[in-house]
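One structure below.
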Amino acid sequence: MPELPEVETVRDGLQRWVTGRRIADVEVRHPRAIRRHLAGADDLVARLIGASFASAERRGKYLWLPLPGRDECLVGHLGMSGQLLVQPPEVADEKHLHVRIRFADGGRELRFVDQRTFGGVQLDDLVPATDRPEQLVPAQVAHIARDPIDPYFDEAGFSRRLRKRDSAIKRALLDQSLISGVGNIYADESLWRAKLHGERPSRLLKPGQVADLLGHVRDVLGAALQAGGTSFDALYVNVNGQSGYFDRALAAYGREGEPCDRCGTPIRRSSFMNRSSFFCPTCQRPPRRA
DNA sequence: TATTTAACCTGGACGC
DNA sequence: TGCGTCCAGGTTAAAT
C-alpha cells in the first residue's frame, strides 16, 4: 500500500505530467471517492473546469495540487489502495476508476483509481502552515505534522512531544499529528533497526534513543524512496504494482517465523492497535508488564 | 484534555 | 466449484 515514498513518487509524476494543463472536464464515477467534498460532485466539477494545477505538493501521505490565483487546491489521499494514474485517453477504464480529469490539450487523463475506496479527492482551502505561515497547506492537512524527510521537520519538538506522551512508541510513530508519513510497515522496520519494542512507553525514551530512532526512520524511508524512484514507469503516475516497492528488503514486517537478520531468533508477530506488528523478541525486548 | 477503540471497505487467501 | 470467514491498514469519529 502507498506509504510516504510511494506518495512522493506520485507527487513527482504529477508535477511533471499534470501541472500547467487546463482542465476540460471532470467525471465523478463513484461518490465515495469525493465524500469529503461536502458540496458534492457537481460543485467539484464546476470549480475545476477551466482551471489548471500550479504544482504538486505533499505532506506525509497527503498530496495536493494548488489552483493558481485561488486559495484552494485539489487534495488527494490514496488510502490503502488508491492510485493516481496519468493515462492516454484510449486506455480502457480501470475496474475501480472513480474520478477522471480530462485536459483541454486532449492528452493524457488524470485518473483516481481505488479498489477499497479508503482514499479520495476533494477541493479544500489553502491556509498558512502553523509553523511557517509563508507556506500554504490545505486546511485538512494543517494538523498533520511534517514528515521526517521534510527540511523543516522539527526534530527537537518531536523528541519533546514524544517523551511527554503516555503512550507506546509504535502508537506515537503512527500518529500523524506527531510525525507524518510513517505507516505500519515502516514503523515496524524502523523499530527493528532501533532495537526498540513498539510497546515500550515513549516517555521512557532517552533523547539519544529518539534521535537514533528518527535516524532509522529516515534511513528506511530514504531507501524506499530511492527504490520507488528508480522503478518509476514514466508512462504512469503509479504507486501500486509498477513501483516495485513490494520487492524492497524488509527485515521484520511480514517475516513471522523467519530468522532475524541480526541474531537468528524467529521474528514474532503480535496484534497491536488492530494491526499486525512484527518484531524480534531477542533484539527488541518487550517492556515488563505492570 | 489525552488517549484508545472501532468503523469504514473490498478482494485475496484459506478452510470446508 | 462455491461458500463463508478472516485479514490487510490510514484515518477519524466516537468512546473512554
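The analysis underlying the following values was restricted to heavy atoms, covering all of them including side chains, and did not include hydrogens, waters or symmetry mates. Keep in mind that this is a model prediction, so the values were computed, not measured. Reminder, nothing fancy here: chain letters follow the sequence lines and each chain counts from 1.
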Would you indicate what [X] reaches in the nucleic acid, counting non-hydrogen atoms under 4.0 angstrom: base, sugar-phosphate, or nothing?
{"X": "A:Arg269", "value": "sugar-phosphate"}
{"X": "A:His143", "value": "sugar-phosphate"}
{"X": "A:Tyr62", "value": "sugar-phosphate"}
{"X": "A:Asn274", "value": "base"}
{"X": "A:Arg165", "value": "sugar-phosphate"}

Over-ring placement of A:Arg146 relative to A:Tyr152, 6.0 Å and 45° cut-offs: no
Side-chain donor-acceptor contact under 3.5 Å, A:Lys170 with A:Ser277: yes
Separation of atom [atom1] in [X] from atom [atom2] in [N], rounded to whole Å:
{"X": "A:Met273", "N": "B:dT5", "atom1": "CE", "atom2": "P", "value": "9 Å"}
{"X": "A:Glu6", "N": "C:dG10", "atom1": "CD", "atom2": "P", "value": "11 Å"}
{"X": "A:Gln122", "N": "C:dT11", "atom1": "CD", "atom2": "P", "value": "13 Å"}
{"X": "A:His98", "N": "B:dT10", "atom1": "NE2", "atom2": "P", "value": "8 Å"}

At less than 4.0 Å, is any side-chain N or O atom of [X] found next to OP1 or OP2 of [N]? Yes or no.
{"X": "A:His96", "N": "B:dC9", "answer": "no"}
{"X": "A:Ser81", "N": "C:dA8", "answer": "no"}
{"X": "A:Arg171", "N": "B:dT4", "answer": "yes"}
{"X": "A:His77", "N": "C:dT11", "answer": "yes"}
{"X": "A:Gln115", "N": "B:dC9", "answer": "no"}

Residue pair A:Arg255 / A:Phe278, side-chain heavy-atom distance below 4.5 Å: no
Evaluation steps, side-chain contact (heavy atoms from CB on, under 4.5 Å), between A:Phe153 and A:Ile179: CA-CA 9 Å; A:Phe153 180 78; A:Ile179 181 172; 3.9 Å; yes
Closest-nucleotide 5' rank along DNA chain B - winner of A:Arg275 and A:Lys164: A:Lys164
Nearest heavy-atom neighbours spanning A:Ser177 and A:Arg165: OG-NH2, 4.0 Å
